[in-house]
Amino acid sequence: MTTAHASEVNTSGPNEFGYNNYALGNFSFRRDEYFAHVIWPTGSHTISIDDFLRALQRDCAWDFFYGTVNFDHVVGTINHYGNVDLFAGRFNAAFRKAEIDYLQNFETPVIRNTFHTMLDNWTNSTFDPFASPAETQAPWGNKSGSNTEAVTRRRVAAQRMVGVQGDEQIRSDATGHPINRMFEDVPQSEPEVHAEPGFESEIAAFNLFAYLSRSNVTWNPSVVSVCKESLYCPTTEEYILPIVHGNDRVEWFIQLSDEITWDVADRETGSPRAKVVMKAGDCAAMPADIRHQGFSSKRSMLLVWENNSADLPDLIASGKAPQYPVTF
Ligand code: PHB
Ligand code: FE
């Protein structure tokens with residue numbers, strides 16, 4: 001394993017398709033009309049540009065998220081919270097066996113800078129990587145304009161609970177959005193709050209379904225409540241989760257509406273382990289030794305519940321905390 005420190009954004013000018021090429025340590029990235037090409041010393045890999053940009057968008061917006069973000073079965077990142085591994089074939093049994101897998105570690109600001117710059121340069125004006133495929137135009141072709149506003153959207157994060165004093169602005173943002181075409185039947189009434197005198201700033205309630213019905217992004221959890229390390233991160237889902245998540249901790253899913261099918265596979269090798277069909281009201285826990293990817297035919301609402309404790313990866317890796325939430 002090698003560590004790169006310097007920022008290595010290539011500034012040699014646009015390629016024949018109008019896009020900049022990027023170098024990051026011993027990796028390089030090139031975009032053409034249809035594909036992203038990732039090249040490393042022992043191999044190379046091609047990803048359809050729509051898939052690549054959707055995955056890159058999440059990795060950027062979530063600042064490398066919890067644990068592993070697999071862009072697909074070959075390329076991805078591992079978050080070590082301060083530094084990040086960029087890998088090719090690390091979690092692919094065939095690449096490992098052939099010894100052509102590759103991994104390089106970067107200080108977070110270095111890889112963050114390259115990823116953010118590449119996302120902005122490679123996204124044309126008509127493509128929104130956060131939108132469902134039915135709600136954006138295509139990413140194909142030579143470079144044409146940019147969509148900086150869309151790709152730099154900030155993830156909504158409450159400090160306490162949405163609606164409690166100090167977090168009102170999050171709701172007024174949300175209510176500025178129209179109801180999504182798939183959620184027109186969602187009631188918009190708000191709960192009545194009758195606080196005892198003196199407690200007006202301490203008690204709040206809001207209609208989470210109404211809030212989510214106005215989300216204009218997919219597969220992008222927002223944080224609506226924070227209680228110590230417990231984060232409630234609801235999100236609206238349509239089509240396919242653009243990354244395959246290999247978490248470094250247990251996470252919980254509560255299906256709030258409609259249906260999502262999850263493909264669950266071994267985190268190390270990618271061999272399939274389970275298919276989980278979640279209907280409205282279902283609750284599931286994803287253990288810490290798997291990877292998972294969701295499929296949602298109709299836009300649906302999902303509550304992702306994360307334990308944000310920084311101690312968890314080490315506790316699990318050292319065997320002090322279990323990889324499973326329940327032992328049967
Ligand atoms: C997950 O990896 O658990 C995840 C990510 C984004 C979502 C939903 C689930 O929108
Ligand atoms: Fe996950």
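This is a predicted model, so every value here is computed, not measured. All ligand and atom numbering here is 1-based and tracks the order in the structure. These values consider heavy atoms only, across backbone and side chains, with no hydrogens, waters or symmetry-generated copies.
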query = Can a donor-acceptor pair be found between the side chains of Asn70 and His245 at a distance below 3.5 Å?
reply = no

Test applied, salt bridge (charged side-chain N to carboxylate O under 4.0 Å, His left out); reference residue, Asp263; option that passes from Arg291, Lys275, Arg273 = Lys275

message = Give me the residue, atom name and distance of the protein heavy atom closest to atom 8 (C) of ligand 1.
response = Glu237 OE2, 3.1 Å

request  = Just need the protein heavy atom nearest to atom 4 (C) of ligand 1, so name the residue and atom and give the distance.
outcome  = Leu241 CD2, 4.0 Å

query = For Trp252, is the nearest heavy atom under 4.0 Å from an atom of ligand 1?
reply = no

query = Looking at ligand 1, does Trp62 have a heavy atom less than 4.0 Å from it?
reply = yes

message = Is there a polar contact, in the sense of an N or O pair closer than 3.5 Å, between Glu306 and ligand 1?
response = no

query = Got an N/O contact under 3.5 Å between His292 and ligand 1?
reply = yes

Any atoms of ligand 1 less than 4.0 Å from a non-hydrogen atom of [X]? List them with their elements.
X	result
Phe253	3 (O)
Val304	8 (C), 9 (C)
Pro221	6 (C), 7 (C), 10 (O)
Asn220	10 (O)

task = Check each of Ser257, Ser213, Ser132 against Arg299 using the side chain to side chain contact (heavy atoms under 4.5 Å, CB included) test, and report the only one that passes.
result = Ser132

key: Greater than 12 external heavy atoms within 6.0 Å of Tyr34's OH   = no

ask   = Which class fits the ring pair His73 and His45: parallel under 30°, tilted 30 to 60°, perpendicular over 60°?
value = perpendicular

message = Counting the benzene-type ring for Trp, do Phe253 and Trp262 have ring centres under 6.0 Å apart?
response = yes

note = The atom name of the N, O or S atom in His245 nearest to the Fe ion (ligand 2) is ND1

query = Which of the N/O/S atoms in Glu251 sits closest to the Fe ion (ligand 2)?
reply = OE2

request  = Return yes if some donor-acceptor pair links the side-chain N/O of Thr136 with the main-chain N/O of Ala131 below 3.5 Å, else return no.
outcome  = no

inquiry  = Just to be sure I read this right, does ligand 1 sit under 4.0 Å from the backbone of Trp262, its side chain, both, or neither, counting only heavy atoms?
reply    = side chain

inquiry  = Could you walk me through whether Leu24 and Phe29 satisfy the side-chain contact (heavy atoms from CB on, under 4.5 Å) test, starting with their C-alpha distance in whole Å, then the side-chain angles of each, then the deciding distance to 0.1 Å, before giving a yes or no?
reply    = CA-CA 8 Å; Leu24 183 61; Phe29 298 84; 4.3 Å; yes

key: For Asp85, the option from His80, Arg90, Gln104 that meets side chain to side chain donor-acceptor pair (under 3.5 Å)   = His80

